[in-house]
Amino acid sequence: MKILMVGSGGREHALIKKLLESDRVDSVICAPGNGGIACDAECFPVNVMDIDGMIALAQEQAVDFVFVAPDDPLAAGMVDAFEAKGIKAFGPSALAARIESSKVFSKNLMKKYNIPTAAYEVFSDSQSAINYIESSGKFPVVIKADGLALGKGVIIAENFDAAKDAVKSIMEDKVFGASGNNIVVEEFLTGPEVSVLAFTDGKTLAPMVSSMDHKRALDGDKGLNTGGMGTVAPNPYYTKEIAQVCMDTIFMPTVKAMCSEGCPFKGCLYFGLMLTPDGPKVIEYNSRFGDPETQVVLPLLETPLVDVVEAVADETLDKIDVVFSDDSCACVIIASGGYPGSYAKGIEIKGLDENGAVDGATVYHAGTKLSDGKFLTNGGRVLGVTARAETLPEALEKAYSATEKIYFEGSHKRTDIGKKALDALK
Ligand code: AMP
Ligand code: GLY
């Protein structure tokens, strides 16, 4: 098989490395890819949102299967477009991808089908939202832009003034563009957060091993929200009992709800969960593999990834066992100085070998490019240094000691990835 991977981040690098483990996969190509991906897959400069360009590339290169990894092209209907051309693709249709691309859609879905989530109201004008927040008088309150906002569309307001500013900046100043035409105002929940990715073909659902993201930029969960500064798997808060509750009250009800709405979800469905005192509740859905959750989940997958994604596309997921190892995995992100704010690009990364790797861990490239045989920074999150071991402390030790071998000017990483998980294990 020859596979085209659409995307350019650490998640895509992890997916490519995993696909290549199977003898059934002859080669993977990637568009647009990055410096590290180029060591595993030939890269082509086609933009992720260029649907016609991707179809032309897939046809020229005679690929057998396409994997659409990022949210934007899924929401724009890239999988529908490939299927219309008779090319098999992994990922949800545009209608199914609304589960991530519209918070109003996903919240209304959960309400209609009794799937546990934070109580909420939807508003399409700022004054009604502000009046509602003032009269409810409960803080903190959570304000979410309806559409995609690069993971930044959620604001937790501690008091009325902050809430009013948030509503105005989203709905009047349009800081997230049209994504802020509607907003969701919701109840603030508390409890440990768990990410669960699951394969689903629209009927059957196979959950992957759970994980824990670290979204804030700085140690101790301080600083701004980022795309994710590191992950560990499994997530120790997610016990077998909780997993069963989630399967019965959240996962299968969601799969069935999407069918009832006429848009069965095929692909990777990501459940962002909070384990509240009232039981597990959905914080958000994503219509795709998470980044950097993928980097810790896939190394633990024992069933060949290519077999699973084909079964999803063919709607035969019930015919295979999706098996995960009991080992642990940790990923530490090395980011550019300034991220998630503005940062420089094009800085040379030292310490990587000619394949962009180091001994003792797997280096998934996120924001890098290759230039004259050198790896340069080319994004906010630059590298995801990942290690697998029998226990979480060993995996963290391996990942962190490998990060010591890598250096570039201004680089920063959190030094406490996995700390909460280790505390929970005590
Ligand atoms: P999201 O982009 O929906 O994942 O939200 C980003 C982060 O905001 C989540 O990972 C949570 O930590 C937090 N968050 C979102 N919704 C709520 C809520 N209703 N209550 C408390 N925290 C929330
Ligand atoms: N790490 C969270 C996400 O992929 O949205």
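Whatever order the structure lists them in is the order used to number ligands and atoms, beginning at 1. Each residue takes its place number in the sequence, starting with 1.
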| request: Return a yes/no value: protein heavy atom under 4.0 Å from atom 7 (C) of ligand 1? | output: no
| message | Considering non-hydrogen atoms of the protein only, which is the closest contact for atom 5 (O) of ligand 2, and what is the distance? | response | Arg288 NH2, 2.9 Å
| request: Find all atoms of ligand 2 within a distance of less than 4.0 Å from any non-hydrogen atom belonging to Asp213, and give their numbers and elements. | output: 1 (N), 2 (C)
| query | Can you tell if the side chain of Lys88 reaches within under 4.5 Å of the side chain of Phe65, non-hydrogen atoms only? | reply | yes
| query | ligand 2 and Gly227, any nitrogen or oxygen pair closer than 3.5 angstrom? | reply | yes
| query | Which heavy atom of the protein is the closest neighbour of atom 17 (C) of ligand 1, given with residue, atom name and distance? | reply | Ile283 CD1, 3.6 Å
| message | Using a 4.0 Å cutoff against the non-hydrogen atoms of Lys103, which atoms of ligand 1 qualify? | response | 3 (O)
| message | Just to check, does Gly228 reach to within less than 4.0 Å of ligand 2 when the distance is taken from its heavy atoms? | response | no
| message | We want to know whether Lys215 and Thr226 form a side-chain donor-acceptor pair, criterion being a heavy-atom distance below 3.5 angstrom. | response | no
| task | For Asn286, counting its heavy atoms only, list the atoms of ligand 2 lying under 4.0 Å from any of them. | result | 3 (C), 5 (O)
| query | Do ligand 1 and Leu189 have nitrogen or oxygen atoms that lie under 3.5 Å from each other? | reply | yes
| Side chain Asp416, main chain Asp219, donor-acceptor under 3.5 Å | no
| note | Rounded to the nearest 0.5 Å, the CG atom of Leu300 sits from the NZ atom of Lys18 at a distance of 8.0 Å
| said: So, 4.0 Å and heavy atoms of Tyr270: is ligand 2 close enough to count as a contact? | reply: yes
| message | Using a 4.0 Å cutoff against the non-hydrogen atoms of Gly290, which atoms of ligand 2 qualify? | response | 4 (O)
| said: Between Asn131 and Ser128, is there a side-chain donor-acceptor contact under 3.5 Å, judged purely by atom types and distance? | reply: no
| field | Ion pair check, Glu134 and Lys164, cut-off under 4.0 Å | value | no
| message | Please list, in number order, the atoms of ligand 1 under 4.0 Å from a heavy atom of Lys144. | response | 3 (O), 15 (C), 16 (N)
| field | Electrostatic pair Lys103-Asp146, nearest N-O below 4.0 angstrom | value | no
| query | For ligand 2, is there an N or O atom under 3.5 Å from any N or O atom of Lys215? | reply | no
| remark: Nearest non-hydrogen protein atom to atom 11 (C) of ligand 1, with distance, is Glu193 OE2, 3.3 Å
| message | Minimum distance, heavy atoms only, to atom 22 (N) of ligand 1: which one of Val154, Ile156, Asp213 is it? | response | Ile156
| task | Can you sort out which atoms of ligand 1 are near Phe188, meaning under 4.0 Å from one of its heavy atoms? | result | 20 (N), 21 (C)
| Atom indices of ligand 1 within 4.0 angstrom of Glu186 heavy atoms, with elements | 16 (N), 17 (C), 18 (C), 19 (N)
| With no hydrogens and no angle check, do the side chains of Tyr237 and Glu193 hold a donor and an acceptor under 3.5 Å apart? | no
| query | Would you find more than 12 non-hydrogen atoms of other residues, nucleotides or ligands less than 6.0 Å from Asp321 atom CG? | reply | no
| query | Does Tyr270 have its ring centroid less than 6.0 Å away from the ring centroid of Tyr285? | reply | no
| field | Where ligand 2 meets Glu293 - atom numbers and elements under 4.0 angstrom, heavy-atom basis | value | 1 (N), 2 (C), 4 (O)
| note | The option among Asp291, Leu197, Thr294 carrying the non-hydrogen atom nearest to atom 4 (O) of ligand 2 is Asp291
| Would Asn108 and Tyr120 count as a side-chain hydrogen bond (donor to acceptor under 3.5 Å, both in side chains) if you check the C-alpha gap in whole Å, the side-chain angles of each, and the deciding distance to 0.1 Å? | CA-CA 9 Å; Asn108 289 344; Tyr120 72 101; 2.7 Å; yes
| task | Would you mind running through ligand 1 and noting each atom that sits below 4.0 Å from a heavy atom of Glu284? | result | 1 (P), 2 (O), 3 (O), 4 (O)
| task | Answer yes if the side chains of Glu293 and Ser195 hold a donor-acceptor pair under 3.5 Å, and no otherwise. | result | yes
